[in-house]
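Here is the structure we will look at, set down as structure tokens.
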Amino acid sequence: MDCRRATEPPMAQNHTLATKKDHPSQHQLGYSPRMSRIMSGIQPTGSLHIGNYLGALLNWVRLQEEYECYFSIVDLHALTARPEPQELRLAVRELAIGVLASGVDPERAVLFVQSQVPEHSELAWVFSCMTQMGDLNRMTQFKDKSQFQADNINAGLFTYPVLQAADILIYRADRVPVGEDQVQHLELAREIVRRFNGIYGQTFPEPIVVPAKAPRVMGLDGESKMSKSRGNEIGLFEEPEETMKKLRGAKTDPQRLRRNDPGRPEICNVFSYHGYFSDAATCEQIAADCRSASIGCVDCKQSLAGNLEKVKGPIRERAQELRANQGAIDEILNEGGNRARAVAKETMDLVRERVGL
RNA sequence: AGGCCAGUAGCUCAAUUGGCAGAGCACCUGAUUCCAAAUCAGGGGGUUGAGGGUUCAAGUCCUUCCUGGCCUGCCA
């Protein structure tokens, strides 16, 4: 992994703010006809698994090719679960390592830690005054999380979508890749923008929701989304032996009782993993052999383990190299933080002026 | 700030008058099975939120604190 100092992005001239000479009412600030700016965040919770990789990291790697990207490790959001301080710090570092090892290029995209850019919090406060309780009350994720951590329903959890809106709009991002579960939050962000612009004049672009090509990766139990808290995950940094051990216990077609029974790959969770890690020809072959009982589930799992390792192995090795060079990680994050803050400050200066602070 | 209620295994809860801390689910191991599931057999797991006190003996009674919930009040 190349850890040289990141340079200014070539597209830095886009999204410039209106100066005093400009006429804001005729000028949609932050809008760039040439290149869309993307903002996306990921929470530093637990350790990375292949669900995170397929759902978020891989997307980032693709997005940085086409867009001006701001990628953030959102530790302020993670705080809603009150992690141990040293664990939070470790999770942030490990996530940065995972992001870089997966192929996000810090020279191409701005990679930074949310809390290093205090403007996120500042804009979130302003936005919270633009947000109606009734709207927040409707957020299904808040209700879900409230059930999940019933002993810690804090206000941060409630205003989470407001901070999320600030995350995006502090960079005047016009596109946001989100999974199904985040669409509602994005709608709220757009609502906040409309309200703000309506009251104070055109200031923010209304971010467009880009449906993330993020598969909903099921856990090894085949019952729910892959997550560390459910203990049904395949770790991104896992050794192949560990992964095979977990795969051996993974749920398959419950109707395929004997080796000679024909299988149903279309309902088999393990087969669905092949779709992510094996090429099309292999997938077809495996499916056909499973249906005809030419291969057993163990064969299928071994094949998968091999293909999984082809993806996971190089990432694990790059991660090892990065871990050995903490200074470089810090430098990348600091540089990313500086670049992010420069943009965030511009936005915040304008917001202060607009709202009368 | 005050009042009331609650806290027991990963989860949901039980434990008689103060008398050996338990069950279900989950988890792990073995049998079986190509693997998993199902079934059967076995197993690990606890500072009973924390400290102090009363007692031969405290999950249980007293006390202080912590956490969470509900109610009343005060300030900005």
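The chains referred to below are lettered A, B, ... by the order of the sequence lines, with proteins before strands, and numbering in each begins at 1. Because the structure is a prediction, the values reported are computed rather than measured.
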task: Check whether the side chains of His77(A) and Gln43(A) place a donor and an acceptor atom closer than 3.5 Å, and report yes or no.
output: no
- prompt: Do you see a donor-acceptor pair shorter than 3.5 Å between the side chains of Lys228(A) and Thr45(A)?
  reply: no
message: For the backbone of Glu87(A) and the side chain of Glu84(A), can you confirm whether one donor and one acceptor N or O come within less than 3.5 Å of each other?
response: no
Separation of the [atom1] atoms in [N] and [M], to the nearest angstrom:
N: U16(B); M: U54(B); atom1: C1'; answer: 22 Å
N: C27(B); M: U63(B); atom1: P; answer: 43 Å
N: G73(B); M: C20(B); atom1: C1'; answer: 48 Å
N: G43(B); M: A9(B); atom1: C1'; answer: 14 Å
N: G53(B); M: A14(B); atom1: P; answer: 30 Å
N: A15(B); M: G52(B); atom1: P; answer: 28 Å
N: A41(B); M: A23(B); atom1: P; answer: 15 Å
N: U55(B); M: C13(B); atom1: C1'; answer: 29 Å

Provide, to the nearest angstrom, the distance between the [atom1] atom belonging to [X] and the [atom2] atom belonging to [N].
X: Glu223(A); N: A26(B); atom1: CD; atom2: P; value: 10 Å
X: Asn260(A); N: C34(B); atom1: CG; atom2: P; value: 8 Å
X: Asp261(A); N: C35(B); atom1: CG; atom2: P; value: 13 Å
X: Asn154(A); N: G69(B); atom1: CG; atom2: P; value: 10 Å
X: Asp289(A); N: C34(B); atom1: CG; atom2: C1'; value: 14 Å
X: Leu257(A); N: A38(B); atom1: CG; atom2: P; value: 12 Å
X: Gln255(A); N: C34(B); atom1: CD; atom2: P; value: 16 Å
X: Asp221(A); N: C35(B); atom1: CG; atom2: C1'; value: 16 Å

State which of [options] makes the closest approach to the side chain of [X].
X: Arg248(A); options: G68(B), C35(B), A36(B); answer: C35(B)
X: Cys297(A); options: C34(B), G68(B), A36(B); answer: C34(B)
X: Lys301(A); options: C34(B), G68(B), A36(B); answer: A36(B)

query: Hey, quick one: are Phe71(A) and Leu48(A) part of the same hydrophobic cluster, counting side-chain heavy atoms closer than 4.5 Å, chains of contacts allowed?
result: yes
message: Hydrophobic clusters here meaning ILVMFWY residues chained together by side-chain heavy-atom distances under 4.5 Å, can you tell me if Leu54(A) and Val311(A) are in one?
response: yes
With a 3.5 Å limit on both atom pairs, tell me what [N] is paired to, counting Watson-Crick and G-U wobble, or say none.
N: C61(B); result: G53(B)
N: G2(B); result: C71(B)
N: G30(B); result: C40(B)
N: C13(B); result: G22(B)

message: Please confirm whether the ring centroid of Phe142(A) lies under 6.0 Å from the ring centroid of His185(A).
response: no
task: Report the residue (Asp151(A) or Asp253(A)) whose heavy-atom-nearest nucleotide on RNA chain B is the more 5′ of the two.
output: Asp253(A)
- line: Nearest-nucleotide check on RNA chain B, Lys245(A) vs Gly296(A); residue mapping nearer the 5' end is Lys245(A)
